[in-house]
Amino acid sequence: MSKLILDSSNPVDPGQVVWRSPSNIALIKYWGKHGVQLPRNPSLSLTLASSCTDTMLQYAPRETPDDGQVELDFFFHEEENESFRAKTLEFLNSLAPTMPFLRQLKLTVRTGNSFPHSAGIASSASGMSALALCLCSLEDKLFGTLRDADAFDQKASVLARLGSGSACRSIFPYAAVWGATQYVQGSSDEFAVPVGDQIHDMFHDFHDDILIVSREEKSVSSRAGHALMEGNPYAEPRYAQARARMGTLLEAMKGGDLATFGKIVEDEALTLHALMMCSNPSYTLMRPASLAIIEKVHQYRADTGNPVYFTLDAGPNVHLLYPGEIITDVRKFIDDHLVQHCEDGYVQQDWVGEGPEEM
Ligand code: PMV
């Protein structure tokens, strides 16, 4: 790889790059990692549209001498944020050995989310993917090394993964697979690959209404949760299950078989939380309201036959997944029966989207 170092032959004028990048919702969950952010099993997600982060990366030649650290200012919703700055700085410093130009510039990150502060919606996938895309745009502006769109996306996915594992899947439209699997050509543990063109059109018009059961910060972070998988007695069978399921779910999504889709997706959510409950120490992130919603979804499906399914991230909020053609019915069901379980009645309406946008 070329050494990405600035020298006097390519002086830098101050400039900026801006990306909007969405969150994603995993259908087959990544839970358990090793090495440098490598997954124990492959995962598959839908790329969302309305839960996004906008990130501007401003750059200028560095005025202070290189002290071995990236020089960074950080603004979140226009305000300086020391805790985000520290995390971002650690990430950028970890990239500097292979991207030394990062230490030769003065960098300013200005970022913000499309969803309310502390809505209980994780912003690491949208935030890290937006930053990774900005870094790739910057590299390409300075060195012209990422002109090829596939190379650009692949590097963005690698960088996003290094920032926050699941963020690597947000780079691609509609749906992505992260982790080497025999069922997806070119798949890798190092980056995600797009699978949006391998699934039925119905998944391009698909909704994810996020029922916010609690806005509180999780009691156990994802980082700690991944680590607890190392001592979990069910870890190996779980990884084997996820590997095998990838084939079945992709087949169901190709054929538009929603019954099989829903069965796997709901089981994945409950398995994720069951793994937390049988970790040592054990913990629960679901709340009574999460269970109340899940039971109502079962009942609603039995009563109406409508294909509405739930999934959960590592938290209490419930994601309702359904095809666009039944939106009117489902929104009425949410308003009449589910909103009462949400904190301040808050629902983040989201849907499958076309992936990040350079702005
Ligand atoms: O990307 P992380 O380290 O925040 O882990 C995310 C794990 C889950 O959201 C629970 C599942 C997934 O695959 O996104």
Side-chain angles (χ1 to χ4, degrees), residues 21-48 51 53 87 90-91 94 113 120-132 156-172 175-181 184 187 189-193 195 208 210 213 217-230 232 235 238-239 241-243 245-246 249 264-277 279 283-286 290 310-319 321 350 352:
S21 189
S23 186
N24 69 77
I25 178 69
L27 305 177
I28 292 184
K29 308 290 182 184
Y30 147 61
W31 200 238
K33 62 178 169 182
H34 67 103
V36 187
Q37 299 273 84
L38 296 167
R40 291 282 185 197
N41 63 262
S43 55
L44 186 159
S45 60
L46 296 175
T47 302
L48 297 178
S51 310
T53 299
K87 279 187 201 147
E90 189 187 337
F91 173 57
S94 77
N113 298 328
I121 297 176
S123 59
S124 61
S126 55
M128 273 303 164
S129 55
L131 180 61
S157 186
V158 169
L159 297 183
R161 180 198 109 230
L162 295 171
S164 171
S166 57
C168 72
R169 297 182 309 234
S170 281
I171 304 297
F172 302 99
V177 163
W178 170 35
T181 164
V184 179
S187 57
D189 285 353
E190 312 264 336
F191 48 83
V193 293
V195 294
D208 176 9
I210 312 169
V213 162
E217 184 119 352
K218 294 182 279 199
S219 56
V220 178
S221 68
S222 284
R223 181 190 287 217
H226 285 292
L228 285 172
M229 281 300 279
E230 291 309 300
N232 191 306
R238 156 60 193 162
Y239 301 143
Q241 174 192 53
R243 286 177 201 127
R245 255 177 186 175
M246 182 60 79
L249 181 62
I264 294 177
V265 166
E266 292 191 345
D267 190 82
E268 277 292 304
L270 296 175
T271 298
L272 171 69
H273 284 259
L275 289 164
M276 297 171 190
M277 290 184 209
S279 290
Y283 63 109
T284 45
L285 295 182
M286 274 198 271
S290 321
F310 68 83
T311 187
L312 304 155
D313 251 337
N317 303 327
V318 183
H319 293 241
L321 301 168
D350 215 331
V352 170

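What you see is a predicted model; the values in this text were computed from it and never measured. Atoms considered below: every heavy atom in the structure, side chains included; atoms not considered: hydrogens, waters and symmetry mates. Ligands are counted one by one from 1 in listed order, and the atoms in each one are counted from 1 as well.
- At distances below 3.5 Å, at least one donor-acceptor pair connects side-chain atoms of Asn317 with backbone N or O atoms of Val213.
- Of all atoms in ligand 1, numbered sequentially from 1 with element shown, those under 4.0 Å from a heavy atom of Ser222 are 4 (O).
- Close approach of ligand 1 to Ala26 is summarised as follows: ligand atoms under 4.0 Å from at least one heavy atom of the residue are 12 (C), 13 (O), 14 (O).
- Residue contacts with ligand 1, taken as heavy atom pairs separated by less than 4.0 Å, involve His226 solely via side-chain atoms from C-beta onward.
- Across the listed options Ala314, Gly165, Ser221, Ala314 owns the non-hydrogen atom lying nearest to atom 10 (C) of ligand 1.
- Each of Leu46, Thr311, Leu321 was checked for a side-chain contact (heavy atoms from CB on, under 4.5 Å) with Asp208, and the lone residue meeting it is Leu321.
- When non-hydrogen atoms are compared, ligand 1 lies under 4.0 Å from neither the backbone nor the side chain of Lys33.
- Residue Lys29 comes nearest to Ser43 through the heavy atom pair C-CB, 4.0 Å, listed as atom of the first residue, atom of the second, then distance.
- Considering all non-hydrogen atoms of both residues, Ser170 and Ser129 come closest at CB-OG, 3.5 Å.
- Counting only heavy atoms of the protein, atom 7 (C) of ligand 1 lies nearest to Tyr30 O, 3.4 Å.
- Within a 6.0 Å radius of CD in Glu230, more than 12 heavy atoms belonging to other residues, nucleotides or ligands are found.
- Of all protein heavy atoms, the one lying nearest to atom 14 (O) of ligand 1 is Arg169 NH2, 2.7 Å.
- No side-chain donor from either of Ser51 and Ser23 sits under 3.5 Å from a side-chain acceptor of the other.
- Of the protein's non-hydrogen atoms, the one nearest atom 9 (O) of ligand 1 is Asp313 OD1, 3.0 Å.
- Summarising the local packing, NZ of Lys218 is surrounded by more than 12 heavy atoms from other residues, nucleotides or ligands at distances under 6.0 Å.
- In Ser166, the parts holding a heavy atom less than 4.0 Å from any atom of ligand 1 are both the side chain and the backbone.
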